[in-house]
Amino acid sequence: MGRDPLGEFGENLRALREAAGLTQEELGAIAGIQMADISRLESGIRDARITTIIRLADALAVEPGRLFEKPAVSE
């Protein structure tokens, strides 16, 4: 079976959000994104636009590329 980029992105987003100690609601408020959209992104059922990726990275205080690394959180 091939790669699942949406699933990998979602896993990374969730790991980074949890490492930052944020709920989906808190991350959404900081990034200006609806909590339901954060949930869809983390579940791998929604594709993120580049502007969304940048807003999420800024809210998590990471470089956008961290959302694509595997594993996203190495500590």
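In this chain, numbering begins with 1 at the start of the sequence shown. As a basis for the values below, the full set of heavy atoms in this structure was taken, side chains included, without hydrogen atoms, waters or symmetry mates.
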Would you kindly confirm whether Leu60 and Phe68 end up in one hydrophobic cluster when ILVMFWY residues are joined by side chain heavy atoms under 4.5 Å apart? yes

So Glu69 and Arg66, salt bridge (charged side-chain N to carboxylate O under 4.0 Å, His left out) or not? Walk me through it. CA-CA 5 Å; Glu69 292 176 3; Arg66 289 285 309 276; 3.4 Å; yes

Following the transitive rule for hydrophobic clusters with a side-chain heavy-atom cut-off under 4.5 Å over Ile, Leu, Val, Met, Phe, Trp and Tyr, establish whether Met35 and Leu22 coincide in one cluster. no

Might you point out which heavy atoms bring Ile30 and Ala59 nearest each other, and give the distance in Å? CG2-CB, 3.4 Å

Distance (rounded to the nearest 0.5 Å) between Thr23 OG1 and Arg17 CZ: 7.0 Å

Under 3.5 Å, is there a donor-acceptor pair between the side chain of Asp47 and the main chain of Leu6? no

Kindly indicate whether the side chain of Leu16, heavy atoms from C-beta on, has any atom under 4.5 Å from the side chain of Leu56. no

In Å and rounded to the nearest 0.5 Å, what is the CG to CG distance from Leu41 to Asn12? 12.5 Å

Give a yes or no on whether Glu18 atom CD has more than 12 heavy-atom contacts from other residues, nucleotides or ligands under 6.0 Å away. yes

Any Thr52 side-chain heavy atom under 4.5 Å of Asp37 side chain: no

What's the separation between atom CD1 in Ile33 and atom OG in Ser39, rounded to the nearest 0.5 Å? 13.0 Å

Are the side chain of Arg55 and the backbone N or O of Gly32 linked by a donor-acceptor pair below 3.5 Å? yes

